[in-house]
S.K.: 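Before we start, here is the structure in question, set down as structure tokens.
Proteins get letters first, then strands, A, B, ... in listed order; numbering begins at 1 in each. These values consider heavy atoms only, across backbone and side chains, with no hydrogens, waters or symmetry-generated copies.
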Amino acid sequence: MEFTELEKIRFDKAQQMRAEGVEPYPTRTEVNSTTAEAIRKFEAAEAAGSQETLTAVLGGRLRAIRLMGKLAFAHIEDGSGRIQLFMRVNELGEAELQRFKELFDIGDFIQAGGEIIRTRTGEVSLLVREFKMLAKAITPLPAAKDEVVDGQVVRHATLADPETRYRQRYADLAVNEEVRKIFRTRAKVVSAIRDFLDEKGFLEVETPILQPIYGGAAAKPFVTFHNQLKQQIYLRISFELYLKRLTVGGFDRVYEIGRDFRNEGVSFKHNPEFTQLEFYWAYADYLQVMKLTEEMVAYVLDKVVGTRKVVYDGKELDFTPPWKRVNLRQSLIDRAEIDINEHPTAESLENAMQAMGMKFKPGEARGKLIGQLLEEYVEPTLVQPTFMYDYPRDISPLAKNKPGDPNTVERFEGFVNGMELCNAFTELNDPMEQEKRFLEMGREYEAEDEERHPMDEDYLRAMSYGMPPQGGFGMGIDRLVMVLTGQKNIREVLLFPHLRERED
RNA sequence: GGUCCACUAGCUCAAUGGCAGAGCAACUGACUCUUAAUCAGCAGGUUCGGGGUUCAAGUCCCCGGUGGAUCACCA
């Protein structure tokens with residue numbers, strides 16, 4: 001380890017402690033309460049008019065120090081909150097107080113024992129009778145100073161550079177309370193989703209992350225290799241094909257919350273690994289899934305936010321069911337003045353787009369052109385929670401046809417603030433039809449090899465044993481958390497977002 | 001990958017092409033109810049890296065790095 005000038009000073013303090021026979025990184029602590037618990041007990045006793053003295057040994061990180069001649073104030077912070085330490089020569093003696101002033105710094109983990117009191121200015125504090133270093137911090141926290149005003153932490157010149165915040169998330173979390181709050185919210189979101197689905201009789205399962213054949217989505221996979229088996233394997237791009245195998249096996253309602261990996265560009269809404277929820281619901285169709293989705297998201301909002309409305313990107317979004325429903329074909333007629341039913345081929349659609357002076361990538365499959373139209377003309381307008389439904393068959397190889405409409409499948413996507421949140425469909429369960437779709441996809445995507453759906457023979461075999469009709473659903477948890485925490489970049493809701501490797 | 005923007009002390013930020021600065025943190029000292037404590041003093045720099053233009057470059061130009069926004073790719 002190389003020390004900066006400031007680090008050297010702190011390291012020397014640790015060395016000095018050792019020279020005096022005090023361990024700066026002791027093995028055990030005597031902490032017997034959290035700061036919040038100590039304050040709560042004190043206030044309860046006070047309210048009851050109790051004269052009893054309340055003592056505690058508290059542990060935490062030194063976040064502020066105010067030294068005076070024969071006394072000192074400090075704040076320590078633990079996972080539950082903060083408390084002020086009141087240190088006087090009266091209780092500690094000159095030598096101990098001096099030792100604190102000389103050897104203790106902001107950022108150190110310490111423990112302090114004494115009585116809980118209220119200071120003259122009214123703040124519940126620990127009148128310290130003894131204290132001990134628990135872990136000397138060598139590197140100073142990247143915050144200049146902070147204070148507590150009316151219970152609110154007010155920071156001054158704290159870590160703000162996004163790169164340092166993401167690369168050294170530990171430091172970001174240590175000094176930025178609202179960042180910790182985002183991840184507490186995230187944990188609550190996941191736990192609320194589990195509550196909801198468990199309650200509805202869904203079984204949580206875990207399926208392979210390392211897969212011999214990837215599938216279930218149109219995305220480029222990460223490729224790796226198993227040395228002993230001499231086998232190329234892929235990190236999953238979705239859970240879909242494995243979860244549906246389980247419905248063949250008799251699990252009627254299954255879900256998985258886990259990580260997907262996609263070897264594609266990163267952006268404010270894309271990270272190479274992200275957390276996905278997928279569930280499959282036997283004997284249901286996409287309309288039932290739509291209703292369950294609304295219900296589930298509302299449940300999460302109720303539990304986590306306490307209201308069904310959130311302000312995101314300056315707009316109030318209302319998640320109260322039912323969400324708006326927009327037919328895909330109709331939305332394109334409304335927004336782009338193109339009726340895709342009148343253009344059954346890519347050529348015809350291209351000509352129409354050309355004639356209207358629209359942006360598009362020539363030479364794409366019809367489904368991809370429709371995707372481009374949606375992205376350009378429709379999706380940005382879907383601000384309030386909205387389901388767009390009935391997708392073209394050729395970009396939905398795992399979804400079931402709409403009865404009587406061979407070019408359309410029963411599929412919907414949920415949008416919020418123009419961003420896709422979820423994707424669901426009535427699942428295709430006819431093995432012959434599925435094989436045909438795989439072959440079609442293979443042809444259409446020939447040019448972009450990696451994105452085509454590779455034929456998964458074992459999946460077809462599973463289906464040929466008989467797969468119950470079902471509705472399936474997938475949702476990006478990170479994006480839901482973004483909306484619920486008001487964050488506009490996915491990196492703000494990922495503890496350790498992927499960044500380019502840095503040589504330093 | 002394209003375009004634009006940013007990168008200066010531990011942190012947050014200044015500095016017409018003309019001596020590289022402030023606040024907080026650190027360090028030395030004063031101070032027995034403070035809470036951005038206060039007061040006095042002191043120290044701290046590869047201005048992201050490399051090259052160029054110029055009497056003179058943090059500043060202008062070129063190449064590179066990292067990040068951000070945006071577009072492309074992609075759900």
S.K.: Return the value, rounded to whole Å, for the distance between atom NZ of A:K101 and atom C1' of B:U28.
M.R.: 13 Å
S.K.: B:G2 and B:A72: how far apart are their C1' atoms, nearest whole angstrom?
M.R.: 8 Å
S.K.: Under 3.5 Å for both donor-acceptor distances, Watson-Crick or wobble: does B:C39 have a partner, and if so which one?
M.R.: B:G29
S.K.: Indicate, with a heavy-atom threshold strictly under 4.0 Å, whether A:T4 touches base, sugar-phosphate, or nothing.
M.R.: nothing
S.K.: Quick one: which of B:U32, B:U34, B:G67 gets closest to the side chain of A:R88?
M.R.: B:U32
S.K.: Separation of A:I106 atom CD1 from B:U35 atom C1', in whole Å?
M.R.: 12 Å
S.K.: Regarding B:U35, can its base be found pairing with the side chain of A:T119 as donor and acceptor, where the two atoms are less than 3.5 Å apart?
M.R.: no
S.K.: Would you please confirm or rule out a distance under 4.0 Å between OP1 or OP2 of B:C33 and any side-chain N or O of A:K70?
M.R.: no
S.K.: Mind calculating the distance between CZ (A:R82) and P (B:U34) to the nearest angstrom?
M.R.: 19 Å
S.K.: For A:D161, which contact category applies under a 4.0 Å heavy-atom criterion: base, sugar-phosphate, or nothing?
M.R.: sugar-phosphate
S.K.: Does the ring of A:Y391 carry A:R411 above it, NZ/CZ under 6.0 angstrom from centre and within 45° of its axis?
M.R.: yes
S.K.: Any strand is fair game: report the nucleotide pairing with B:C7 by Watson-Crick or G-U wobble, both distances under 3.5 Å, or none.
M.R.: B:G65
S.K.: Between B:A6 and B:A25, how far apart are the C1' atoms? Round to whole Å, please.
M.R.: 25 Å
S.K.: Which value, in whole Å, describes the distance between the P atoms of nucleotides B:U32 and B:A15?
M.R.: 42 Å
S.K.: Who is the Watson-Crick or G-U wobble partner of B:G1, with both distances under 3.5 Å?
M.R.: B:C71
S.K.: According to a strict under-4.0 Å criterion, is A:N489 in side-chain N/O contact with OP1 or OP2 of B:A69?
M.R.: yes
S.K.: Report the distance from atom CG of A:D12 to atom C1' of B:A26, rounded to the nearest whole Å.
M.R.: 13 Å
S.K.: May I have the distance from A:I237 (atom CD1) to B:C73 (atom C1'), rounded to whole angstrom?
M.R.: 15 Å
S.K.: If you measure from the P atom in B:A69 to the same atom in B:G64, how many Å do you get, rounded?
M.R.: 23 Å
S.K.: If you only use heavy atoms from C-beta on, which nucleotide in B:C33, B:A25, B:G67 is closest to the side chain of A:R167?
M.R.: B:G67
S.K.: Measure from the side-chain heavy atoms of A:L6 and tell me the nearest of B:A26, B:U12, B:G44.
M.R.: B:A26
S.K.: Measure from the side chain of A:H270, starting at C-beta and using heavy atoms only, and say which of B:U35, B:A26, B:C74 lies closest.
M.R.: B:C74
S.K.: Kindly indicate whether the side chain of A:E123 and the base of B:U34 share any N or O donor-acceptor pair separated by less than 3.5 Å?
M.R.: no
S.K.: Name the nucleic acid region contacted by A:F86, choosing base, sugar-phosphate or nothing; use a 4.0 angstrom heavy-atom cut-off, strictly under.
M.R.: base
S.K.: Under 4.0 Å between a side-chain N or O of A:R500 and OP1 or OP2 of B:G67?
M.R.: yes
S.K.: Can you tell me how far CD of A:E240 sits from CD of A:Q276, rounded to the nearest 0.5 angstrom?
M.R.: 9.5 Å
S.K.: When both hydrogen-bonding distances must be under 3.5 Å and the geometry is Watson-Crick or G-U wobble, what is B:C55 paired with, if anything?
M.R.: B:G18
S.K.: Among B:G10, B:U34, B:U12, which nucleotide sits nearest the side chain of A:Q84?
M.R.: B:U34
S.K.: Return the nearest nucleotide to the side chain of A:P162; candidates are B:C31, B:G67, B:U35.
M.R.: B:G67
S.K.: Between A:L67 (CG) and B:C39 (P), how many Å, whole number?
M.R.: 16 Å
S.K.: Please name the nucleotide paired to B:U47 by Watson-Crick or G-U wobble geometry with both distances under 3.5 Å, or report none.
M.R.: none
S.K.: What's the gap between B:A26 and B:G51 when it is taken at their C1' atoms, as a whole Å value?
M.R.: 37 Å
S.K.: Taking atom types as they are modelled, is there a donor-acceptor pair under 3.5 Å from the base of B:C74 to the side chain of A:E375?
M.R.: yes
S.K.: Does A:E20 pair with A:R99 as a salt bridge, N-O distance under 4.0 Å?
M.R.: no
S.K.: Quick one: CE on A:M17 to CG on A:L103, what's the gap to the nearest 0.5 Å?
M.R.: 6.0 Å
S.K.: At 4.0 Å (heavy atoms only), tell me whether A:R262 reaches a base, stays on the sugar-phosphate, or touches nothing.
M.R.: sugar-phosphate
S.K.: Do the side-chain N or O atoms of A:R66 get closer than 4.0 angstrom to the phosphate oxygens (OP1, OP2) of B:A37?
M.R.: yes
S.K.: Side chain of A:V89 only, heavy atoms from C-beta on: which candidate in B:U32, B:A26, B:C73 is closest?
M.R.: B:U32
S.K.: Which nucleotide sits closest to the side chain of A:K13: B:G67, B:A37, B:A26?
M.R.: B:A26
S.K.: If I pick the C1' atom on B:G58 and the same atom on B:G50, what distance separates them, to the nearest angstrom?
M.R.: 16 Å
S.K.: What integer number of Å spans the C1' atoms of B:G45 and B:U8?
M.R.: 8 Å
S.K.: Give a yes or no on whether A:R169 atom CZ has more than 12 heavy-atom contacts from other residues, nucleotides or ligands under 6.0 Å away.
M.R.: yes
S.K.: Applying a 4.0 Å non-hydrogen cut-off, can you work out what A:L499 is touching in the nucleic acid: base, sugar-phosphate, or nothing?
M.R.: sugar-phosphate
S.K.: Is there a Watson-Crick or G-U wobble partner for B:U34 with both distances under 3.5 Å, and if so, which one is it?
M.R.: none
S.K.: Expressed as a whole number of angstroms, how long is the span from A:E5:CD to B:A25:P?
M.R.: 17 Å
S.K.: Please report the distance, rounded to the nearest Å, between CZ in A:R120 and C1' in B:A37.
M.R.: 15 Å
S.K.: Between A:F268 and A:T164, just flag the one whose closest nucleotide in RNA chain B comes earlier from the 5' side.
M.R.: A:T164
S.K.: Is A:D390 salt-bridged to A:K402, going by a charged N under 4.0 Å from an acidic O?
M.R.: yes
S.K.: Do you know the tightest heavy-atom contact between A:V266 and A:P272?
M.R.: CG1-CD, 3.5 Å
S.K.: Do A:D334 and A:Q330 get their side chains close enough for a donor-acceptor pair, meaning under 3.5 Å?
M.R.: yes
S.K.: Check whether any side-chain heavy atom of A:V326 lies under 4.5 Å from a side-chain heavy atom of A:Y389, and answer yes or no.
M.R.: no
S.K.: Just call it for A:E379: base, sugar-phosphate, or nothing, with non-hydrogen atoms closer than 4.0 Å on any strand.
M.R.: base
S.K.: Quantified in whole Å, what is the C1' atom distance between nucleotide B:A14 and nucleotide B:C24?
M.R.: 15 Å
